[in-house]
*Asks:* 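The structure follows.
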Amino acid sequence: MKVFKGRKMLSLKDIIHTLESSAPPAFQESYDNSGLQVGDPEMEIRGVLISLDVSEEVLDEALQLGYNLVLSHHPVIFSGLKSITGKSQVERIVSKALRNDLAIYSGHTNFDAVEHGVNATMAGKLGLKELKILDPLKGHLKKLVVFVPGEHLEGVRSAIFEAGAGHIGAYDSCSFSGEGKGSFRGLEGSDPYVGRPGALHQEPETRMETVVPAYLASKVVRAMIKAHPYEEVAYDLYALENSYEKAGSGMFGVLDQPMEEEMFLNLLKDRFGLRLIRHSALLGKPVRKVALCGGSGSFLLQKAIASGADVFVTGDMKYHQFFEADGSIVVMDIGHYESEQFTRELFYNLITKKFPKFAVRLSEIITNPIKYY
Ligand SMILES: [Zn+2]
């Protein structure tokens, strides 16, 4: 961190690195546009103002504070811009940010997806334990197989693990290896680790295999090649059908003590500061297992029912979707904004933990566009 005239400065890319190490952009949904919306990664940041949404008022608040980064959950640029003339709210926000050298960064569905993200923050407010992802990501795991001469196995294996491979559930350093024989003949210009160029060679090798999250695959392969003694490393990297249990949509967990449905509704009201909750018919049984999804979670209702949860807490449920609860679960719609409000604390804690003295504040503006009368 640099200090200019008594003020602490960070480069925007340091802050982005902190955010994206916690929630890799690769986890965002295909329709999403998380990431840097406006700004130059090299610019120096004087302070960060955190908001769920970006509005012109939020930009004004940042300017008044002398801050030049607005960090939001919902992206301001979502479906692309064809002009910046000020005819829409999004265009006015972008134009105002550019005119005032304000950067805007948004961490959206990648923060929904990670196991320590939006949903874990919600679950934490309710004191839920034994948290699990409700609908884990698919297509985010790869299998890495590499062939290593025996004496180098440990070195190559630890390099692979250190780079992030080998995690399965609550275990790390997971791998399998078996002995075999590799063959190769170095061609002209080669410099084989054993044998001579032009001569067919057979070498005892170990086939080692492990799993790696897709977003870490190139990092792991680089580390593996660096630790491997061969000039040309023989390895295979292939896609797996397995779910990636550490990221996905929604979450479920259990309360310490089962409670009556009315008591749980009151707990929700209290912890989330709610005026009202829209819910499906109460079932007259205690609530122990709770499924939840910050924001618009209606697409997860069937998964919530299948998880055996007693209630499903989310926002943006439509009239007909309440029928789908069908006596199996109690749907509790607490509002989109209300369900995600603590995402601001999540961002705040992430940045202040890494840069304890840096200027970071939560916006005082309630950006919820929905009002209650
Ligand atoms: Zn949202």
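All ligand and atom numbering here is 1-based and tracks the order in the structure.
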*Asks:* Between H336 and the Zn ion (ligand 1), is there a contact where an N/O/S atom of the residue lies under 2.8 Å from the metal?
*Replies:*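 Here the distance criterion (N, O or S atom, under 2.8 Å) is met by H336, so yes.
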*Asks:* Need one value: angle at the Zn ion (ligand 1), H74 atom NE2 versus E340 atom OE1, rounded to 10 degrees.
*Replies:*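 Between NE2 of H74 and OE1 of E340, at the Zn ion (ligand 1), the angle is about 90°.
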*Asks:* Taking atom OH of Y319 as the centre, does the number of heavy atoms from other residues, nucleotides or ligands within less than 6.0 Å exceed 12?
*Replies:*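 Count not over threshold, so no.
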*Asks:* State whether K354 and D14 are salt-bridged, where the test is any N-O pair (Lys NZ or Arg NE/NH1/NH2 against Asp/Glu carboxylate O) under 4.0 Å.
*Replies:*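 Between D14 and K354 there is no salt bridge, as every charged N stays at least 4.0 Å from the carboxylate O atoms.
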*Asks:* Return the orientation label for the Y193 and Y230 ring planes: parallel under 30°, perpendicular over 60°, tilted otherwise.
*Replies:*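 It falls in the tilted class, 30° to 60°.
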*Asks:* Is H73 close enough that one of its N/O/S atoms sits under 2.8 Å from the Zn ion (ligand 1)?
*Replies:*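 Within the cut-off used here (under 2.8 Å), H73 places no N, O or S atom near the Zn ion (ligand 1).
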*Asks:* Is the Zn ion (ligand 1) under 2.8 Å from any N, O or S atom of D112?
*Replies:*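 No N, O or S atom of D112 is closer than 2.8 Å to the Zn ion (ligand 1), so no.
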*Asks:* Parallel under 30°, tilted from 30 to 60°, perpendicular over 60°: which one fits the rings of H73 and F347?
*Replies:*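 Judged by the thresholds at 30° and 60°, the geometry between H73 and F347 is tilted.
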